[in-house]
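When reading the values below, keep in mind they use all heavy atoms of this one structure, side chains included, and skip hydrogens, waters and symmetry mates.
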Amino acid sequence: MPSTAVCMRTLRAYSRYGSNHARIMARAFSATSRRPEINKVYPSASEALKDMKPDTTLLCGGFGLCGVPDTLINEMLKKPEIKGLTAVSNNAGTDTSGLGQLLKTKQIKKMIASYIGENKTFETMYLTGQVELELTPQGTLAERCAAGGKGVPAFYTPAAFGTVVQTGELPLRNKSDGTPDQFSYPKDVKVFNGKSYLLEHSIAGDYAFVKAYKADKLGNCQFRLAANNFNGAMGRNAKMTIVEAEHIVEPGEIPPEAVHLPGIYVKRVIQSTTEKNIEKYTWTKDDDGADAKKVLGSGDTAAKRERIVRRAAKEFKNGMYANLGIGMPMLAPGFVGPDVEVQLQSENGILGLGPYPKQGEEDADLINAGKETVTLTPRRGRVSAAKRVSA
């Protein structure tokens, strides 16, 4: 027996169409011969940013000048009406590139970053009260962005316990004379397994600018080498993620296992048109050129530094993992003997860090934590900075 619901639908159909049996039996299928095509590619950066609003939070990938979405940032310079931005990035580029340009035009009112770096514009604006700065440890910054993308409102971390970040004594904004005008707030502290942790809130982005090596029309993205850095974490954590890609390809051209940022997170894709830059060209000492000598300095200073680095390199033993910080530690790979296998790491997302490249073999997508050009060892690995620094 037909169900009551089927009988009722049949009666309604007869009352509407009478004896027109064809209309009664018709099904509401589409007559379209093909499904609508998903295409997230926009013709230009201008089109992709045409509805961007001021007074919003902008997440921006990149580490130094590596993996920076410069095409999108440069387009922002043409839109001075988009101001009052809270920009979230590892650093703010340089005086002449990256987010540093938006600081100069005063489109950014607040930076959430882990490093001021060599950006004198950023430093001056912060010290004179022209921009607000929320200084955050690098691993915490990566995790705050990743947590926001996962819907986690806050988390506890041991990083920065006992520092001014935890006590709230770090100035968020200064007066024009350089004295503090507004401070941060004390972070909640709890003890787990005998160790102190402080509470950090996740970051929610309105927009995210991401730089990819490849992107297809569905928005699936692949990053290259150290250009991965913060791009993945930023791209997963925004209402509107806009990707600029060096190469725009057809769906399926990026192998599934090579998709670093799935298209479900991406709203728009544009062609990257800005040339990649290198902040610090550094070459192997074997070239014996002027630039190579700058690595160690000159005279007695160079001799002392080389002696220190050579001695430190002797501490490496087979099977060790070592994270290299900025400065002389970065010289260590050049003094590790061929009989010692050590996995050297760099906080911007490299596992298997090798020595400096020969002149002419440098790669803009391969830099260390000091923004210097480097190489990878044959048994290399590469992860995102978000995974590396938060590990």
Side-chain angles (χ1 to χ4, degrees), residues 57 59 61 63 86 88-91 111-116 133-172 183-205 226 228-238 260-261 265 312 315-327 329-330 332 340-353 368-370 379-391:
T57 298
L59 314 180
F63 189 100
T86 295
V88 183
S89 186
N90 177 62
N91 60 299
M111 280 293 310
I112 301 178
S114 69
Y115 182 61
I116 293 179
L133 171 62
E134 186 177 331
L135 207 56
T136 305
Q138 191 174 86
T140 302
L141 178 65
E143 195 62 30
R144 289 178 69 188
C145 292
K150 297 171 184 174
V152 177
F155 58 92
Y156 283 92
T157 174
F161 174 75
T163 70
V164 291
V165 172
Q166 180 242 309
T167 61
E169 298 172 287
L170 185 68
L172 289 176
F183 286 93
S184 180
Y185 63 92
K187 304 288 178 71
D188 179 58
V189 176
K190 280 189 169 47
V191 177
F192 299 94
N193 299 321
K195 188 174 182 178
S196 296
Y197 292 76
L198 58 90
L199 183 68
E200 290 282 1
H201 293 271
S202 62
I203 296 173
N228 191 333
N229 51 66
F230 287 84
N231 277 296
M234 301 301 191
R236 289 177 173 84
N237 180 21
H260 299 129
L261 177 64
Y265 296 105
E315 294 297 314
F316 292 132
K317 307 298 180 185
N318 275 318
M320 278 187 172
Y321 286 78
N323 179 43
L324 303 181
I326 297 174
M330 286 299 178
V340 178
E341 184 176 358
V342 179
Q343 286 294 310
L344 301 175
Q345 308 176 11
S346 182
E347 66 194 41
N348 59 313
I350 294 178
L351 300 178
L353 186 66
N368 61 21
R379 296 184 182 182
R380 61 187 180 270
R382 189 268 316 131
V383 298
S384 71
K387 292 180 181 177
R388 171 65 195 92
V389 299
S390 61

Spatial distance of atom [atom1] ([X]) from atom [atom2] ([Y]) [nearest 0.5 Å]:
X	Y	atom1	atom2	value
Thr163	Gln166	OG1	CD	6.5 Å
Ile350	Leu344	CD1	CG	11.0 Å
Leu353	Asn348	CG	CG	8.5 Å
Ile116	Leu135	CD1	CG	6.0 Å
Lys187	Leu199	NZ	CG	8.5 Å
Asn91	Met111	CG	CE	7.5 Å

What heavy-atom pair brings [X] and [Y] nearest, and what distance separates the two atoms?
X	Y	answer
Ser196	Val191	OG-CG2, 3.9 Å
Asn323	Glu347	OD1-N, 3.7 Å
Asn318	Glu341	OD1-N, 2.7 Å
Arg144	Ile112	NH1-CG2, 4.1 Å
Ala147	Ser202	CB-CB, 3.8 Å
Phe316	Val342	CB-CG2, 3.5 Å

Given Leu172 and Glu134, is the side-chain contact (heavy atoms from CB on, under 4.5 Å) satisfied, shown in steps?
-> CA-CA 6 Å; Leu172 289 176; Glu134 186 177 331; 4.2 Å; yes

Just wondering, do Leu133 and Leu170 contact through their side chains at under 4.5 Å, heavy atoms?
-> no

Decide yes or no for Glu200 and Val165: does some side-chain heavy atom of the first lie under 4.5 Å from some side-chain heavy atom of the second?
->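 SC-SC contact between Glu200 and Val165 confirmed.
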
Taking only residues two or more places apart in sequence, or in another chain, which ones meet Thr57 in a side chain to side chain contact (heavy atoms under 4.5 Å, CB included)?
-> Leu59, Thr86, Val88, Asp206

Residues in side chain to side chain contact (heavy atoms under 4.5 Å, CB included) contact with Asn90, at least two apart in sequence or another chain |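 Partners of Asn90 under the side chain to side chain contact (heavy atoms under 4.5 Å, CB included) test: Phe63, Ser114, Gln138, Phe230.
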
More than 12 heavy atoms from other groups under 6.0 Å of OH on Tyr321 | no

Side-chain donor-acceptor pairs under 3.5 Å in residues 148-162, sequence neighbours left out?
from, atom 1, to, atom 2, distance (Å)
Tyr156, OH, Asp188, OD2, 2.6
Tyr156, OH, Lys190, NZ, 3.4
Thr157, OG1, Ala159, N, 3.2

Quick check: does any side chain N or O of Asn237 sit under 3.5 Å from a backbone N or O of Cys145, one acting as donor and the other as acceptor?
->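 Yes, Asn237 side chain to Cys145 backbone: donor-acceptor pair under 3.5 Å.
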
